[in-house]
Amino acid sequence: MKYYLTTPIYYINDKPHIGHAYTTIVSDILAHYHRLRGADVFFLTGVDENSLKNIEAAEKLGMGDRIQEYLDMQSALWKQTWDSLGITYTDFIRTTEERHKQGVEKFWKRVRENGDIYKGTYEGFYCVGCEAFIRETDLVDGKCQHHDKEPKKLIEENYFFALSKYRERLLAYIEQNPDFVQPQSRRNEIVNYIRDHLEDVSISRQSMKWGIPVPGDPEQVVYVWFDALINYLTGIGYGWDDELFARYWPADLHLVGKEIIKFHCALWPAMLMSAGISLPARVFAHGFFTIDGQKMSKSLGNAIDPVEIAKVHGMDAMRYFLLREVPFGGDGDFSYERFSKRYESDLSKGVGNFVSRVLAMAEKMVSGSISEKMEPDTIFSQGISDQVGDDSIHERVQEVWQEYEETFDRIRPDEALDAVWRLISFGDKYIEEKKPWAILKGNTEEYTKIIGILLELVRHVSLLLYPFMPETALKVWRSLGVEEPHKEQYLAKLKEWRAVPITKIERGEALFPLNPKP
Ligand code: ME8
């Protein structure tokens, strides 16, 4: 079983902000989850280098004559950012790499051989912000609606791709594959677009001095989106490693933001159809983040640096917040105030407190300070089958796992997190109801059983949290002497009640201390 997922490849004219981090983090969560299921995961991310935006940014810095140097510097910054945030990508593709160029050439030739590329004159507008040819009817007061800027007027001899030829095939594909475009609202949007507005597109630029030369016509470079989309193939070997490519293609998921859905759900599948390559299983378009209600932008200077947040609150807290705050697929807002509130209520006083309470009680038993000394595994392995109430805990945990897996199947990791938090609240309530400290006075055996159950709940919570908060899960496993998931010990086994022994109990430091220090 393989799982191939991708993020968009980002423009590198600036440093990554929280919006880019959002897509990359959700992809990382999905990659963790599928690895936990035992899948052979390939998680591709990378950067879109042949863009006019990048060139203009280089020129602004006085590096117009050293574009490759600028791209090397920026690309290293993006890679470093994901590394410092612990993103577990399998490969990082740059579109100036030779392997990518080779793949683009091969792809272009196949599409040309198939009769879908022809020469024509493009007369119209081009918005550098969108890196897109746009129609006059899309302008508002003569400006691009997304970038509030007047687009460039172009008259160029270009190569065109016969996109409109694929209208009916695209509509049929989307109809026959209801999961292809998600969420559903985006599917309707894309169907309307394909049905009513699909036109042939220019796929080369005559006036650009940077980019991949058009095969057979070095006076032109390949249009940046045509080149960029092909990264999903070249990143896994297309044009340079057939075996690798066969192992992972077609993609199981392209995760993207909602603004680039037309490229991914109309142009891209048509390109693949033309080249005779099978289509990805799914494109999921998530919503957009605003900052305190405002669009993130360079001119407003309000872009949030994910590395700064992670430095202060930890990577796991940031991952949690981004997932928890926004229904996945919809738009959301980032505010430091709400971040702090959630940190305190859900992390410090929520999961952090639950884990530390249970470990504190168990630790006292192990050390012998409240009863006779006990081995961790003795506490843990106390039977529960004779207790009707506790049997229902076992069932409840299995229900949570079922819901969790089902939400991941639908790519709703935010809902999976809801289910985990319901289990944490249940654990808290269980402690309140059982009042183990009161039981201890008269019945050590009963007390031990309750703590054993709570320890197993902590283990399940940590495993459920693993894709979302890998560092936290690792800390809990270290406290319990539980191994990390590894070969032959994937989810199917680990999610069982008492699947693995707890061999140690060591409370360690608080998982989410209040007032964390930078
Ligand atoms: O479009 N909220 O690159 P890009 C949420 N190079 N997500 C956001 C966001 C926000 N405010 N801002 C950006 C490109 N994103 C092309 C892609 S793929 C073949 C080529 C995320 O640097 C979101 O995933 O503009 C969005 O689709 C992507 O960054 C756009 O990144």
Side-chain angles (χ1 to χ4, degrees), residues 5-28 30 44-55 57 71 74-75 77-78 81-82 87 92-96 100 103-104 107 127-132 144 146-147 186 203 211-212 222-235 251 253-269 271-272 280 283-298 300 302-306 321-323 325-335 414:
L5 85 160
T6 66
T7 71
I9 49 169
Y10 306 107
Y11 298 127
I12 50 175
N13 54 327
D14 207 341
K15 60 182 187 178
H17 63 52
I18 199 84
H20 307 115
Y22 182 59
T23 319
T24 311
I25 286 171
V26 175
S27 303
D28 191 57
L30 297 173
L44 182 70
T45 190
V47 284
D48 193 352
E49 301 197 20
N50 301 317
S51 148
L52 193 51
K53 284 192 209 219
N54 300 338
I55 314 306
L71 296 174
Q74 287 298 100
S75 149
L77 170 76
W78 280 70
T81 303
W82 303 145
I87 302 296
F92 182 95
I93 180 125
R94 301 178 56 187
T95 53
T96 52
H100 178 69
V104 170
F107 192 93
C127 170
V128 180
C130 300
E131 287 288 9
C144 161
H146 304 294
H147 295 91
R186 300 279 161 225
I203 53 164
I212 301 177
V222 178
Y223 165 49
V224 64
W225 266 102
F226 197 83
D227 140 17
L229 287 161
I230 299 171
N231 95 86
Y232 298 135
L233 306 178
T234 57
L253 175 68
H254 293 315
L255 189 63
V256 299
K258 64 177 183 180
E259 87 290 15
I260 53 177
I261 190 142
K262 286 181 195 161
F263 291 107
H264 284 83
C265 298
L267 177 60
W268 179 226
M271 284 166 63
L272 289 166
V283 178
F284 191 106
H286 65 66
F288 252 50
F289 263 101
T290 48
I291 306 295
D292 292 319
Q294 282 186 308
K295 190 177 166 186
M296 239 185 294
S297 85
K298 219 174 178 180
L300 288 171
N302 63 352
I304 289 191
D305 182 348
F321 180 77
L322 293 179
L323 262 288
E325 191 68 6
V326 189
F328 194 58
D331 292 329
D333 187 55
F334 185 96
S335 103
D414 55 326

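Since the structure is predicted, the reported quantities are computational estimates derived from the model, not experimental observations. For ligands, and for the atoms within them, numbers begin at 1 and follow the listed sequence.
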query = How close does the nearest protein non-hydrogen atom get to atom 24 (O) of ligand 1, and which residue and atom is it?
reply = T23 OG1, 2.7 Å
inquiry  = Among all protein heavy atoms in this structure, tell me which lies nearest to atom 12 (N) of ligand 1, with the distance rounded to 0.1 Å.
reply    = H17 CE1, 3.3 Å
Donor-acceptor pair, side chain of W268 and main chain of I261, under 3.5 angstrom = no
query = Parallel, tilted or perpendicular: which describes the rings of Y22 and F289, with under 30° parallel and over 60° perpendicular?
reply = perpendicular
ask   = Can a salt bridge be assigned to the pair K53 and D48 using a cut-off of 4.0 Å between side-chain N and carboxylate O?
value = no
query = For ligand 1, which atoms, with element, lie under 4.0 Å from some heavy atom of F289?
reply = 2 (N), 5 (C), 10 (C), 11 (N)
remark   = Minimal heavy-atom distance between N54 and N13, with the atoms involved, is OD1-N, 3.3 Å
ask   = Hey, does K53 come in under 3.5 Å of ligand 1, counting only N/O atoms on both sides?
value = no
inquiry  = Below a 4.0 angstrom heavy-atom separation, can you tell me which part of K258, side chain or backbone, both or neither, approaches ligand 1?
reply    = neither
query = Looking only at heavy atoms, what is the nearest atom pair of P16 and T81, with distance?
reply = CG-OG1, 3.7 Å
request  = Look only at the side chain of Y223 and the backbone of E131, and say whether a donor-acceptor pair between them is shorter than 3.5 Å.
outcome  = yes
request  = Please identify which atoms of ligand 1 are closer than 4.0 Å to at least one heavy atom of D48.
outcome  = 6 (N), 16 (C), 20 (C)
query = Looking only at protein heavy atoms, which one is nearest to atom 17 (C) of ligand 1, and how far off is it?
reply = I9 O, 3.1 Å
ask   = Just by distance, do the side chain of D292 and the backbone of S335 share a donor-acceptor pair under 3.5 Å?
value = no
query = Quick one: which ligand 1 atoms are inside 4.0 Å of a heavy atom on I260?
reply = 1 (O), 27 (O)
request  = Heavy-atom distances under 4.0 Å are what count here, so tell me which part of Y232 touches ligand 1: side chain, backbone, both or neither.
outcome  = side chain
key: Nearest protein heavy atom with distance in Å, relative to atom 26 (C) of ligand 1   = E259 OE2, 3.1 Å
query = Where on K295 is there a heavy atom closer than 4.0 Å to ligand 1, on the side chain, on the backbone, on both, or on neither?
reply = neither
task = May I ask you to check whether F334 and H17 place their ring centres under 6.0 Å from each other?
result = no
task = Starting from atom 25 (O) of ligand 1, locate the nearest protein heavy atom and write down its residue, its atom name and how far away it is, to 0.1 Å.
result = Y11 CD1, 3.5 Å
task = Tell me whether the centres of the aromatic rings in F92 and W82 are closer together than 6.0 Å.
result = no
ask   = How about I9 and I93: do any of their side-chain heavy atoms sit closer than 4.5 Å?
value = yes
task = State the atoms of ligand 1, each with its element, that fall below the 4.0 Å cut-off from a heavy-atom position in M296.
result = 11 (N)
task = May I ask you to check whether G19 has an N/O atom sitting below 3.5 Å from an N/O atom of ligand 1?
result = yes
remark   = among protein heavy atoms, the one nearest atom 31 (O) of ligand 1 is Y10 CD2, 3.5 Å
key: From D227, T95, N231, residue fulfilling side chain to side chain donor-acceptor pair (under 3.5 Å) relative to H100   = D227
message = Suppose I only count heavy atoms of G287 and a 4.0 Å limit; which atoms of ligand 1 are within that range?
response = 5 (C)
query = Does W225 come within less than 4.0 Å of ligand 1, judged by its heavy atoms?
reply = yes
